**Student:** 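The structure is given below, and queries will be raised subsequently.
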Amino acid sequence: MPISKATRLVVMLVVLVSVAAGAYALRQKPAASTHTFTTISGQQIALNDLRGKIVLINFWATSCGICMAEMPDLIATYRQYQPRGLEVIAVAMPYDDPEQVRLYATRQTLPFPVVFDKGGDLARDFGQVKVTPVTFIIDKSGQRISQTIGIINFAKLRTYLDTALAAAR
Amino acid sequence: MLKKRCLSSFALAAFCCGMLQPAVAQQSTAPGLKNRISELFSSKKEDELLEPDDAFRLKVAFKGTNTLVAELIPANGYYLYKDKIRFTIKNPGAVTIGTVSLPAGVIKNDQFFGKMETYLRPVKVEITLNRSPKAKDFTLMAVYQGCNIKMGVCYSPIEKSVDLVLP
């Protein structure tokens, strides 16, 4: 069936617009994360030093029920994937009681670094974190690639980690 | 021939738009993949969460000369924790708070904290004031905190100050 000139023109226009949109989208990379975290034990962790690893940053609070509920899965995921290149940083919200944070971290023997976001700089810098839990994933190149609001689906996270940690940097 | 060319052009365009990317195999930082990964880690569909001031509203009015009624209004699908509600007077002097009466709330069985008293509907809090005869105005400070039911997320405590002129 012959294709009219008009149809050809429309198809070409659609293709051009789609290619331009795709190219634009691919160029819009989120800024690389360059934060430095100070843990409740005084350790300094610079995100730049974690390049080549996948970093999970979890904003939480001791007053947040579902944050507490997901903590055992977060611990298990960390234990399973840390040897393969996963790092987890748990950031307690600025309104939390630092003593409660310390107490919880000790009682639960949290295996990953715990940070108290005194002053709220981290919550602000990560796009105004206003609720908990919120979890960010930073890829091997240091790009913040994901923000999950609410409880994490750990089955899906493990599927992602299996693939992403196996991939070359 | 043209059809074939159109199809391959469409495939290229679709790829550029992220439609043909494998869900988790690539570490591209394109927004399309970002969204897909974000969906991958969510247990529930991420609804738009309201801004804190829209999720929980505060109205204050006088009831007589010595009583304030502060109405806390959670939006539909949100609730407030009774034990996270606080009222104080900024720089108390000529005006101080006498009593704060919070009505009974609805008991929520939290899987981690156990029984918590909550408000799913607007709640009126009666605040009695002690005032000196010379008192004219004051600032009421309110702190409250609540959560979204569907997603289970909790907001940071909200702090509000309300300037009031005594009747």
Side-chain angles (χ1 to χ4, degrees), chain A residues 1 3 7-8 11-12 14-30 54 61 63-69 93-95 120 123 129-135 137 139-141 143-154 156-157 159-164 167 169, chain B residues 2-3 5-6 8-10 12-19 22-47 49-52 55 81 83-84 108 110-114 116 143 145 147-148 150-159:
Chain A
M1 196 171 72
I3 297 172
T7 309
R8 243 184 267 180
V11 168
M12 282 176 71
V14 167
V15 168
L16 270 175
V17 169
S18 302
V19 169
Y24 178 78
L26 286 168
R27 230 184 47 234
Q28 298 301 301
K29 293 186 176 185
I54 289 175
S63 60
C64 161
I66 66 165
C67 302
M68 303 290 100
M93 293 292 277
Y95 58 82
V129 176
K130 292 173 185 168
V131 297
T132 52
V134 174
T135 304
I137 298 288
D139 73 6
K140 291 178 179 179
S141 66
Q143 305 289 331
R144 199 185 304 165
I145 59 163
S146 159
Q147 176 188 9
T148 301
I149 297 170
I151 201 156
I152 299 167
N153 183 320
F154 283 93
K156 291 176 181 175
L157 176 63
T159 304
Y160 163 74
L161 291 173
D162 282 333
T163 311
R169 188 177 177 178
Chain B
L2 184 59
K3 266 186 190 172
R5 205 184 304 161
C6 284
S8 57
S9 299
F10 177 74
L12 174 68
F15 175 80
C16 289
C17 289
M19 287 188 277
V24 293
Q26 295 192 10
Q27 276 298 294
S28 164
T29 51
L33 182 60
K34 178 187 165 186
N35 291 337
R36 196 163 297 139
I37 290 172
S38 184
E39 276 175 32
L40 279 174
F41 304 152
S42 298
S43 290
K44 293 174 183 172
K45 195 171 167 60
E46 287 180 18
D47 291 354
L49 281 171
L50 293 175
E51 285 295 311
Y81 282 116
D83 72 347
K84 304 284 183 192
K108 176 184 183 293
D110 187 283
Q111 69 176 103
F112 193 80
F113 298 114
M116 302 287 286
V143 180
Q145 187 178 16
C147 308
N148 174 276
K150 195 174 173 187
M151 291 180 65
V153 296
C154 293
Y155 286 68
S156 301
I158 298 165
E159 293 181 29

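Since the structure is predicted, the reported quantities are computational estimates derived from the model, not experimental observations. Numbers restart at 1 for each chain; the letters A, B, ... are given by sequence-line order, proteins then strands.
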**Student:** Quick one: of Val134(A), Asp162(A), Thr132(A), who has the most non-hydrogen atom pairs under 4.5 Å with chain B?
**Tutor:**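 Counting heavy-atom pairs under 4.5 Å, the top option is Thr132(A).
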**Student:** Hey, are the side chains of Val131(A) and Asn148(B) touching, using non-hydrogen atoms and a 4.5 Å cut-off?
**Tutor:**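 No - every pair of side-chain heavy atoms lies 4.5 Å or more apart.
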**Student:** With only heavy atoms counted, which part of Ser63(A) is less than 4.5 Å from chain B, the side chain, the backbone, both or neither?
**Tutor:**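 Both the backbone and the side chain of Ser63(A) come within 4.5 Å of chain B.
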**Student:** Working note: Cys154(B) + Cys147(B), criterion disulfide bond (SG atoms under 2.5 Å apart); need CA distance, chi angles, decisive distance, verdict.
**Tutor:** CA-CA 4 Å; Cys154(B) 293; Cys147(B) 308; 2.2 Å; yes
**Student:** Nearest 0.5 Å, what's the NZ-CE distance between Lys84(B) and Met116(B)?
**Tutor:** 6.0 Å
**Student:** As an exercise: rank Pro133(A), Gly150(A), Gly65(A) by heavy-atom pairs under 4.5 Å with chain B and give me the winner.
**Tutor:** Gly65(A)
**Student:** Less than 4.5 Å to any heavy atom of chain A: does that hold for the side chain of Phe113(B), its backbone, both, or neither?
**Tutor:** side chain
**Student:** Taking the side chain as everything from C-beta on, heavy atoms only, tell me whether Met93(A) gets closer than 4.5 Å to Val129(A).
**Tutor:**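 Side-chain contact under 4.5 Å: yes.
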